[in-house]
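All remarks here apply to the structure that follows.
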Amino acid sequence: MKRQGIAEALRDGIAEEMTRDERVFCIGEDIGVPGGWGGAFTVTLGLAEKFPGRIIDTPIAELGFTGMAVGAAMMGMRPIADMQYGDFLFLASDQLINNAAKMRYMSGGTVKVPMVMRAPIGATGRGSQHAQSMERYFTGVPGLKVVAVSTAYDAKGMLKAAVRDDNPVMIFEHKLLYGSKGARAEPGAVDATSEIPDGDYTVPLDRAAVRRPGTDVTVLGWLLMAHFAAAAAGTLAAEGISAEVIDVRSLSPIDYETIGESVRKTGRVVIVEEGPKTGGVSAEICAGIMERFGDHLQAPVVRVASADVPVPFTPILENAYRPDAARIAQACRDLAGR
Amino acid sequence: MNGASAANPPALPDPQDRDFLLGLYGTMVLIREFEERVKFLFLEGTMPGTIHQCQGQEATATGVCAALHADDWITSTFRGHGHALAKGLTVQEMLDELFGATTGCCKGKGGSMHMGNMAKGMVPGIAIVAGGIPLAAGMALAFKMQRTQQVVACFFGDGAVAEGAFHEGVNMAAIWQLPVVFVCENNLYGASTRIDKVMKNPRISDRAAAYGFQGETVDGNDVLAVHAAARRAAEACRTGQGPVLLELLTYRRTGHSRRDACHYQAKDEREAWFSRDPITRFATQLLARGDITPADLDAIKARIDSQITQGVELAKQAPQPTLADLTTDVFA
């Protein structure tokens, strides 16, 4: 057992999978340059030395290397592609959406595309184009699995499960959760470390996690918002409001079993999303809850999300843009009082 | 793991061998007759979907695929019927697919634009222009990492050269010397737009030099020239000297898709290219060599026509999917 942050846990997870299975390799930009960074957030630091020829640095060509990952996966390899910033997924989306996601179906079930795409997201003082919450663009694509990891334990376990899955899996990571210490720690970083067991383990790609049990209101979030929701729940507890916090974690498919159990209990739901309110994953979850558990609701579902604007740069506006623990707590108070 | 044979691949047949040459001829006639019948079925209204056909381009698919081993791969496009037939897909599995039957090569879930068969070395056709180029580079990366002797031939049209995916894919294939034969079937038109409107340098093989690898322009209506160039290219790839870009100059006799009447193709241009029809030209060569008689040519066509007729009858009665099939095959 050791305490690790997300970047370290992912690094160990990748190394263990590469040791276990020689078909696993990494492909992306600046991920294995000697003397370099090990990817923009140090996840692959040192792996190029450990696995010669299997940490493949590409030109700046997101569409190209994503397509290469798809092609290699179809030929029996198990690539882990690294998108330096999630925003660049727009460049790669043809290969992900038109090829990786559809090959299985349009081949009548004869093609397998066992690839992983890792991508960091989140508003972190970098302005509009290195900040977007990208998961919304992929959750509605049949054929893709989409997960978001908010703890080091989940990051390692879900990475391993994704590598072993025979389908394309997208793993969204948050720039403020990689690690709150060290050279590449971000201002505003949040502690997402976990106790990591010594042995091999995986975390399923289709299950939400109850982070804090409660009885009055269900708060759903993922990535940074799962942490902010937990902080809000702490505040609310002191006021006598019992919030159940669920890390949705699996964004496609969504685990309505775990969510439903909570909704039946509390009858009140707040969904928190970093990213603009319009067209977000929270809209899908809200609709899914209404269809399945609408009769159990005691009040309409509430969403707490970012403003419908591009991500701003200046800290005062960025903080105003993104939901925080105070806004989440207030939404819960308002809802619990109804 | 991807169908690779463990040992070195068997030698290809002698390109002067009579049976081999008749095989090339038969494949080209098969493609032409298949496409003509499909056009008829489409216009007749019995076959669903849309079609993108390759009449006039039979020598490219035939010459290239005959230079590949059974465990080599191809990627194709929305205009892929010829590639599929040349790579060994059967008339029946293709007709069944076109009729949406569960016995089709993709169980009726692919259709005309996504024809393929993983057991025969053809991934489903990729109908996004240039989408197969990075994919093929990745397949070749897998071959290199797996240390197989396999090669992938990546078919695309002249229109694909304008896409960013072309640049990204060929550049990475070049820097890692991957075993890809990039096969550009230059039929002078991207849909209805002629290449001189969309490229300053219309010699597509010149692009290869910019990326530091070998490119060649070949008469794409001469099946033997195509075949010889593809053999050289595949061999270069197998010996670590890939990739290679082959530009095959050819011409589409029919519309881009559906009911396109090709009014944008000039009459004199059409006539000039029709006089260089790949099947007629090769037949003339075979007759001159004494390899074949006019009666043999008629017999080949008659045999193929009857095979296709029989295939159509079966395809029209082939089992259609049930509603339960709608949601299968999304995930492995």
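Just so we're on the same page: letters track the sequence lines, and every chain starts at 1. In this text the structure is predicted, and so the values were computed from the model without any measurement. Scope of the values below: all heavy atoms of this structure, side chains included, with no hydrogens, waters or symmetry mates.
- For a heavy-atom cut-off of 4.5 Å, chain A lies close to D325(B), L326(B), T328(B), D329(B), V330(B), F331(B), A332(B) in residues 317-332 of chain B.
- The CG atom of D94(A) sits 5.5 Å away from the CD1 atom of I128(B) when rounded to the nearest 0.5 Å.
- Within the model, atoms CG of N98(A) and CD1 of I126(B) stand 10.0 Å from one another, a figure rounded to the nearest 0.5 Å.
- At a threshold of 4.5 Å between non-hydrogen side-chain atoms, the residues V123(B) and M75(A) count as touching.
- Among all heavy-atom pairs drawn from M172(B) and G64(A), the shortest one is CE-C, 3.3 Å.
- Interface residues of residues 79-94 of chain B toward chain A, defined by a heavy-atom distance below 4.5 Å: none.
- Using a 4.5 Å heavy-atom cut-off against chain B, the contacting residues of residues 54-61 of chain A are R54(A), I56(A), D57(A), T58(A), P59(A), A61(A).
- Neither the backbone nor the side chain of M113(B) comes within contact range of chain A; no heavy atoms are under 4.5 Å apart.
- Here N99(A) is the residue among V113(A), D165(A), N99(A) with the most heavy-atom pairs under 4.5 Å with chain B.
- Heavy-atom neighbours of K112(A) NZ from other residues, nucleotides or ligands within 6.0 Å: at or below the threshold of 12.
- Side-chain atoms of Q95(A) never come within 3.5 Å of backbone atoms of G132(B) as a donor-acceptor pair (strictly under, hydrogens ignored).
- Under the side chain to side chain contact (heavy atoms under 4.5 Å, CB included) rule, M106(A) has a single partner from K107(B), H114(B), M115(B), which is H114(B).
- For chain A, the option among A127(B), A136(B), G131(B) with the highest count of heavy-atom pairs below 4.5 Å is G131(B).
- Atom CE in M118(B) sits 7.0 Å away from atom OG in S107(A) (nearest 0.5 Å).
- Looking at residues two or more places apart in sequence or on another chain, you find a side-chain hydrogen bond (donor to acceptor under 3.5 Å, both in side chains) between E173(A) and R118(A), Y178(A).
- M77(A) contributes atom CE, which lies 4.0 Å from atom CE of M145(B) (distance to the nearest 0.5 angstrom).
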